[in-house]
Amino acid sequence: MLAKRIIPCLDVKDGRVVKGVNFVNLKDAGDPVELAALYDREHADELVFLDISASHEGRATMVDVVRRTAGEITIPFTVGGGIASVDDMKRLLRAGADKIGINTAAIRNPDLITDGAKMFGSQCIVVAIDAKFNPEWGEWEVYTHGGRNPTGIRALEWAKEAQRRGAGELLLTSMDADGTKDGFDLKLTRAVSESVSIPVIASGGAGNAQHFADVFAEGKADAGLAASIFHYKEVTIREVKDELRAKGVNVR
Amino acid sequence: MIAIIDYGMGNLHSVSKAVERLGYEAAVTSSPEAILAAEGAILPGVGAFGDAMRNLRETGLEDAVKAYAASGKPLLGICLGMQLLFEESEEHGVHKGLGLLPGRVVRFKGDYKVPHMGWNQLAFTQPSPLFDGLKPGYVYFVHSYHALPERPEDLLATTDYYQPVTAIVGRGSLYGMQFHPEKSGELGMALLERFLSIARAG
């Protein structure tokens, strides 16, 4: 049976991990490659690098990070952030990334999904959706630019279109839950997961192992992503997995 | 030297790095001579079956891979590379494969998520030097099509995704893995190491 995946996300700026990381056993806690290798040893199922560099140079540095990471770890990893063209995708995939996450650029130019899937295969294309509940609609709206700009697009419609265009997976972030540590947005995750037939990674709100159990069972998610709880060592990936296993969840 | 066959399909860097980490020399190559001279060869691949076969044909590598396989030296197909070993696939129309193993590649059909993406548990269906002494565990899959070998004796391991799914095939010195051993943690690396040591032993 397919295992539920636990995925840590690293924010990287100009080649350095930005969110404060306090691992004592790392030589250089700011080095994404070293942190990636540590998460691999801790049995993370995949990794996501989110490049938040604002400059061209910063993004060029990411290619080097990807190349070094690919030689160090034995699990798949996704790179997202600032990817706006098929050439950008090719550069990162050639450097050793397994999947490419696209968000704002896909909203601006949905053909990017279609073209990327055609050229590299659907399994490489992860469409990231930042969604927030719109009370007037009674459903969720897609936001871009790291959650700053509302688009007027319904999240469930966009999820279906992303799939139709060839996305292999969705990375769904609830802006309502993000940062709360009160748990994933189960309603949103379930609504999206039931609207599509591709895997959905839930993101935003993870605070403990129970939250992962909930989003797998009630939210129908295929994977759960978290950043700060792992980086700040509030809980380790191994602990989350041990607890999930004890609750009968199938994890690696 | 282990030849990583480069025919323009996908992530060769990770495979070649994994081979090097295991202490073997890896060469990413599209040269038929280099492939034929290698002690072992790996046919990786992500993307669409039809595109892959067209690339192999246009680069002249289809004949090289067939000649290499006929030489009896160890060949490992990974993911799409495994599927290419079979006779044909129904991915975007029917396409002929390398025909090194009898059988077909078909799409997952049913009320479940496709691609089959993530970590799934292996079950060894018969003994093989590829995993003798290894315990079956989780490896990383990502695919929308799966292989149906015609001869039961070619099937070495399966995984369960709403049905038994071909995970490892083998016949003589020809092997295929549907999952990505280079992305499958310790077990994946152990399986890759076995293949490499089989190649070294000749």
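Hydrogens, waters and symmetry mates are skipped; everything else that's a heavy atom, side chains included, is used. So you know, we letter chains A, B, ... as the sequences are listed, proteins then strands, and number each from 1. Note that this is a predicted model, so its numbers are computed, not measured.
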So, is the end of the A/Arg252 side chain (NZ or CZ) under 6.0 Å from the ring centre of B/Tyr138 and within 45° of the ring's axis?
-> no
B/Thr159, part contacting chain A, at a heavy-atom distance under 4.5 Å = neither
Checked B/Pro115, B/Gly137, B/Gly188 vs chain A; the most non-hydrogen pairs under 4.5 Å come from B/Pro115
Under a 4.5 Å heavy-atom cut-off, does chain B meet the side chain of A/Ala223, its backbone, both or neither?
-> neither
Identify which part of A/Asp40 has an atom lying under 4.5 Å from any heavy atom of chain B, answering side chain, backbone, both or neither.
-> neither
Without hydrogens or angle criteria, can the side chains of B/Ser31 and B/Glu33 be said to hold a donor-acceptor pair below 3.5 Å?
-> yes
Between the side chains of A/Ser53 and A/Arg59, is a donor N or O closer than 3.5 angstrom to an acceptor N or O?
-> no
Of A/Arg94, A/Arg67, A/His43, the largest count of non-hydrogen pairs under 4.5 angstrom with chain B goes to A/Arg67
With only heavy atoms counted, which part of B/Met189 is less than 4.5 Å from chain A, the side chain, the backbone, both or neither?
-> side chain
Tell me, side chain or backbone of A/Leu93 under 4.5 Å from chain B's heavy atoms, or both, or neither?
-> backbone
Just by distance, with hydrogens left out, do B/Glu182 and B/Tyr140 show a side-chain donor and acceptor under 3.5 Å apart?
-> no
Of the backbone (N, CA, C, O) and the side chain (C-beta and beyond), which part of A/Ala117 lies under 4.5 Å from a heavy atom of chain B, both, or neither?
-> neither
Cationic N near anionic O, under 4.0 Å, B/Glu62 to B/Lys96 | no
Among A/Glu72, A/Lys4, A/Lys118, single out the residue with the greatest number of heavy-atom pairs under 4.5 Å to chain B.
-> A/Glu72
Give, as side chain, backbone, both or neither, the part of B/Lys17 having an atom under 4.5 angstrom from any heavy atom of chain A.
-> side chain
Answer yes or no: is there a donor N or O on one side and an acceptor on the other, between the side chain of B/Tyr7 and the main chain of B/Ser30, under 3.5 Å?
-> no
Salt bridge (charged side-chain N to carboxylate O under 4.0 Å, His left out) evaluation trace for B/Arg104 with B/Glu88 = CA-CA 5 Å; B/Arg104 311 180 61 238; B/Glu88 63 173 36; 3.0 Å; yes
Name the member of A/Ala3, A/Ala70, A/Pro76 that forms the most heavy-atom pairs with chain B at distances under 4.5 Å.
-> A/Pro76
Contact origin within A/Val251 toward chain B - heavy atom pairs under 4.5 Å = backbone
Answer with side chain, backbone, both or neither: which region of A/Ser122 has an atom nearer than 4.5 Å to a non-hydrogen atom of chain B?
-> neither
Please flag which part of A/Lys99 lies under 4.5 Å from any non-hydrogen atom of chain B: side chain, backbone, both or neither.
-> side chain
Starting from the C-alpha separation in whole Å, work towards a yes-or-no answer on salt bridge (charged side-chain N to carboxylate O under 4.0 Å, His left out) for B/Arg54 and B/Asp51.
-> CA-CA 5 Å; B/Arg54 198 189 56 232; B/Asp51 293 344; 3.5 Å; yes
Could you look at B/His116 and say if it's the side chain, the backbone, both or neither that has a heavy atom under 4.5 Å from chain A?
-> side chain
Is it the case that A/Asp130 and A/Asn103 place a side-chain donor and acceptor less than 3.5 Å from each other?
-> yes
Residues, nucleotides or ligands: over 12 heavy atoms within 6.0 Å of B/Lys66 NZ | yes
